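So the structure is just underneath, and the comments pick up after that.
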Number of protein chains: 2
Amino acid sequence: MAPKTAVYTDRLRKAGLRPTRQRVALAQLLFGRGDRHVTAEGLHEEAAASGVTVSLATIYNTMHQFTRAGLLRDVTVDGARTYFDTNIGDHHHFYCEDDGTLMDIDGAAIAVAGVPTPPHGAKVDRVDVIVRLKRR
Amino acid sequence: MAPKTAVYTDRLRKAGLRPTRQRVALAQLLFGRGDRHVTAEGLHEEAAASGVTVSLATIYNTMHQFTRAGLLRDVTVDGARTYFDTNIGDHHHFYCEDDGTLMDIDGAAIAVAGVPTPPHGAKVDRVDVIVRLKRR
DNA sequence: ATTCTTCCTTAGAATGATTCTAAACTGTTG
DNA sequence: CAACAGTTTAGAATCATTCTAAGGAAGAAT
């Protein structure tokens, strides 16, 4: 059966991104199997494992472009590495400091009340809630 | 008038840290003037400006020790650099992505409801709310 | 199809924050 | 004040990420 690259080719075009071999392959890896949290290095290894040749520089370029295009979201919890999240819906995160695990928390579950008015000239871009976990 | 280094010497001792010349000087810089958000590089420059000789390695060591001792708190919002916050009370942050500015939001102002039960074996260490701002 | 133009990819160097190393130093205790 | 454990430090080392310059590929025009 044919690989459904058409789906991704399409999604990329709609996002204003030229559907190159690399981008389609990465889109397939990223979006082909549900919500995921991925690092650049991680995706690079995955690509290699599935026989796709992509340089690390391209991984970074692509992830940022996807993020800018709204296909991906970056999650900053650690400082050391940047995580990218394929779940672009309203949600928050559990972060386990001990092993670096990230888990989604549905946006509907958590309510944040009382966010003050931002300083004038600025508007709220988004509100991130990070629930930091420790081993008991 | 005499510099009140005794206050800091004391605070360090109580935290189980030997009050060395460098630590006292840094504590003075950090805690001497209200709540602040500082980077390692920033504190290093400040120290140099006020005539204190401290290596960058010591700045990092000290900030981490202070953090472990509960005198300081680290704030991860950016990925590129780590901010340290002298406000260790219950609070959250505004973060302006355009210029890297951090501002405190009093903990009493914001209410977070509905945090799910953590996966078993883990407990909630703390909940961070980051309100990301963009220029309007 | 071929050409042209523009956008992409890439290897490798460069950057920048942070950490490590090993040696010299200093606070504390006896 | 001697001795030890804890500290500081310069400089090298690491690591994720970005930059650079050059060759390659997609889309439009011919």
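These figures come from a predicted structure and were not determined experimentally. Every chain is numbered from 1 and lettered A, B, ... according to where its sequence line falls, protein lines coming before strand lines.
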* **For atom CG of B:Asn61 and atom C1' of C:dC25, their distance in whole Å** => 15 Å
* **Sequence neighbours excluded - salt bridge (charged side-chain N to carboxylate O under 4.0 Å, His left out) pairs with any residue from residues 42-61 of chain A** => A:Arg36-A:Glu46
* What pairs with B:Val52 under side chain to side chain contact (heavy atoms under 4.5 Å, CB included), at least two apart in sequence or on another chain? -> B:Ala25, B:Ala47, B:Ser50, B:Val54
* salt bridge (charged side-chain N to carboxylate O under 4.0 Å, His left out) contacts touching residues 96-125 of chain A (sequence neighbours left out) -> A:Glu97-A:Arg132, A:Asp125-B:Lys134
* Pairing residues for A:Thr58 by the side-chain hydrogen bond (donor to acceptor under 3.5 Å, both in side chains) criterion, not counting sequence neighbours -> A:Ser55
* To do: Indicate for each nucleotide in nucleotides 11-19 of chain C, in 5' to 3' sequence, whether protein heavy atoms under 4.0 Å reach the base (B), only the sugar-phosphate (S), or nothing (-).
  => B-----SBB
* Asked: Taking only residues two or more places apart in sequence or in another chain, which ones pass salt bridge (charged side-chain N to carboxylate O under 4.0 Å, His left out) with A:Arg11?
  -> none
* Name all pairs fulfilling the salt bridge (charged side-chain N to carboxylate O under 4.0 Å, His left out) condition that reach into residues 14-24 of chain A, sequence neighbours left out, sorted by first residue then second. => A:Asp10-A:Lys14
* To do: Using the test side-chain hydrogen bond (donor to acceptor under 3.5 Å, both in side chains), find all partners of B:Thr20 that sit at least two apart in sequence or belong to another chain.
  => none
* To do: Please report, rounded to the nearest Å, how far the P atom of D:dG6 is from the CZ atom of B:Arg68.
  => 14 Å
* d(CD, B:Gln65; P, D:dT7) in whole Å -> 6 Å
* Strictly below 4.0 Å, heavy-atom distances to any atom of DNA chain D: list the hits from residues 7-18 of chain B, or just say none. => B:Arg18
* Structure fact -> Note: contacts of residues 19-27 of chain B with DNA chain D (heavy atom, under 4.0 Å) are B:Thr20, B:Gln22, B:Arg23
* Structure fact -> Interatomic distance, OG1@A:Thr62 vs CZ@A:Phe84, rounded to 0.5 Å, equals 10.0 Å
* Asked: Could you give the CG-to-P distance, from A:Asp74 to D:dT18, as a whole number of Å?
  -> 11 Å
* To do: Calculate the interatomic distance between B:Leu43 atom CG and D:dT8 atom C1'; express it in whole Å.
  => 15 Å
* Once you round to the nearest 0.5 Å, how far does OH of B:Tyr95 lie from CD1 of B:Ile105? -> 14.5 Å
* Partner residues of B:Ile88 under the side chain to side chain contact (heavy atoms under 4.5 Å, CB included) criterion, sequence neighbours left out -> B:Arg73
* To do: Output all residues satisfying side-chain hydrogen bond (donor to acceptor under 3.5 Å, both in side chains) with A:Asp90, sequence neighbours left out; order by chain, then residue number.
  => none
